[in-house]
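Beneath this line is the structure, given in structure tokens, with notes to follow.
Along the sequence shown, the residues carry numbers beginning at 1. Atoms considered below: every heavy atom in the structure, side chains included; atoms not considered: hydrogens, waters and symmetry mates.
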Amino acid sequence: MDSNFVIPLPDKYVSKERTFSVNFTCQRCCQPLKLHSTFRDLDSQTFSELTAPPYPNADRKDRIDLIETFRNRSDESSVMRKIVLPIKFTDAGSDFMVVDDLSNLPFDSNYLGKVTTQLFDLMSNYSDVDHPLCEECTDNILDQMDQQLRIAEEEVKEYRDFQEQLEMEDEEEDLDKLKSVLLKYQETEASLQEELSQMEVKQSEMKEMLRTLENECEILQREEDKRWQEYCRIQRQVLLSEDNLHSVENQIMYTQGQFDKLSKTNVFNATFHIWHSGHFGTINGFRLGRLPNIPVEWAEINAAWGQTVLLLHSLAKKINLTFKKYRLVPMGNHSLIESVEGNKVQQLPLYCCGGIRYVLDNRFDQAMVGFLDCLQQFKETVEQGDASFHLPYRMEKGRIIDKRTEKYYSIKVQLNSEEQWTKALKFMLTNLKWALAWVSTQFQSNTSAAIDAPPSYEEVASS
């Protein structure tokens, strides 16, 4: 800390003469102290005691002058108080430090501060406690010193009691008895020395054995480290093998699930979805037929016929059926039916473009009649092997008969209304749906859940 550090003081502490009175702080709690009046009014006895030099080379005259000046300059009415920090806040060159530059003060004020400081230095030199102290710290030190005094008195009392006890004991003992005891102890010492030698020999043997065992332990430790390394390597391989096993098991489970899913899938039903949309029968979303108020495009009708020919051709191939007089040629929206009579083959188109040619050309009607004949052949072939099989609508000579009303619906376009033709095509698709369901149940296991149920006879007839 800078010794010239100045604490600003209010004007109320400054007198007209700008003189200063030095105040001190307690060396323990660092609180400002109000000095007792005896520091200003010293009697002759105290004065003579304090002026006695603590060191041989002290200047008695200087100290007398300091104390006299201090007594003459002790008036507090016209002074300004200054705080002296404890010794721990000062540098190593002085015991006390005044928090301001005293060089600006009058000589007499500096002189009074020196006197007071010198008095407290004298008191600190004659005791183990630094001065000045406040009353509370002084009381605490006195209590501690009283406690130390009581402990010292108790120790002195114990030493005195022990000394008196020693003085009262009889110091005269039987020397012969002591000699016999000493001889006995010497014999015991000799036996113990011999036993000690034996123990030292055993100790040497045990040390040698210990070194051997330590060497064996070191070898075993190295072997153990190798075994642990091998164990960790094998454990790593086991973990990798388990991971591979779990991966393979998961792949097997996934593959098995896919296999079960595929095994339950009806290829025909997934490929050819036959249903109805209002008055129209549909296959894969293509409407088959026309109505005056709903003129379906011929491109859609041709596509529906192509899907229908492909379905019947696939079903016949599944049961190894060869049609008589006809051969189905699925070619998308330009599918054909070949009429075979001996060596003569006639192609009948199952597609149409409309217009005048559509009205005059009857090959389209012949093709549809031939397709219905092929469906009838499929029905008869299946009924020969399965008497329970039947179709909801009877077919004969290019017509479909509704069993409920016994009404005939021609599959031809010429000399027929569009409503009758559309209903005949719808009934034909219904029969084809039943044929697809029978083939699926015969040639695939567990397919009942995967096959769409064919529309009922009543549902189709009512629509």
- Only counting residues at least two apart or in another chain, list the ones meeting side-chain hydrogen bond (donor to acceptor under 3.5 Å, both in side chains) with E136. none

- Item | Test side chain to side chain contact (heavy atoms under 4.5 Å, CB included) applied to E396 - qualifying residues, sequence neighbours left out | R394, R399, I401, Y408

- Query: Is there any ring pair (Phe, Tyr, Trp, His ring centres under 6.0 Å) pair reaching into residues 193-233, and which pairs are they, with sequence neighbours excluded?
  - Reply: W228-Y231

- Message: Please give me the minimum heavy-atom distance between T422 and H279, naming the atom from each residue.
- Response: CG2-O, 3.6 Å

Expected list for residues 325-336: side-chain donor-acceptor pairs under 3.5 angstrom, two or more places apart:
unit_1, atom_1, unit_2, atom_2, d
R327, NE, E338, OE1, 2.9
R327, NH2, E338, OE1, 2.5
S335, OG, M331, N, 2.9
S335, OG, G332, N, 3.4
S335, OG, G332, O, 2.7

- Return the set of residues passing ring-ring contact (aromatic ring centres under 6.0 Å, His included) with Y409 (not counting sequence neighbours), or none when no residue passes. F427

- With R211 via salt bridge (Lys or Arg N to Asp or Glu O under 4.0 Å) - residues at least two apart: E208

- Message: Going by salt bridge (Lys or Arg N to Asp or Glu O under 4.0 Å), name the residues that satisfy it together with K157, two or more places apart in sequence or in a different chain.
- Response: D161

Side-chain donor-acceptor pairs of residues 185-196 under 3.5 Å, sequence neighbours excluded:
unit_1, atom_1, unit_2, atom_2, d
T188, OG1, K184, O, 2.9
S191, OG, E187, O, 3.4
S191, OG, T188, O, 2.7

- Considering only NZ, NE, NH1 and NH2 on the basic side and carboxylate oxygens on the acidic side, decide whether E223 and R227 come within less than 4.0 Å. yes

- By side-chain hydrogen bond (donor to acceptor under 3.5 Å, both in side chains) - contacts of N293 (at least two apart): none

- Sequence-distant partners of R222, salt bridge (Lys or Arg N to Asp or Glu O under 4.0 Å), two or more places apart: E218

- Note on the structure: Contacts of L239 meeting side chain to side chain contact (heavy atoms under 4.5 Å, CB included) (sequence neighbours excluded), chain-then-number -> Q235, E242

- Where do T25 and P132 come nearest, in terms of heavy atoms and distance? O-CG, 3.6 Å

- Note on the structure: Residues passing the salt bridge (Lys or Arg N to Asp or Glu O under 4.0 Å) test with R160, sequence neighbours excluded, are none

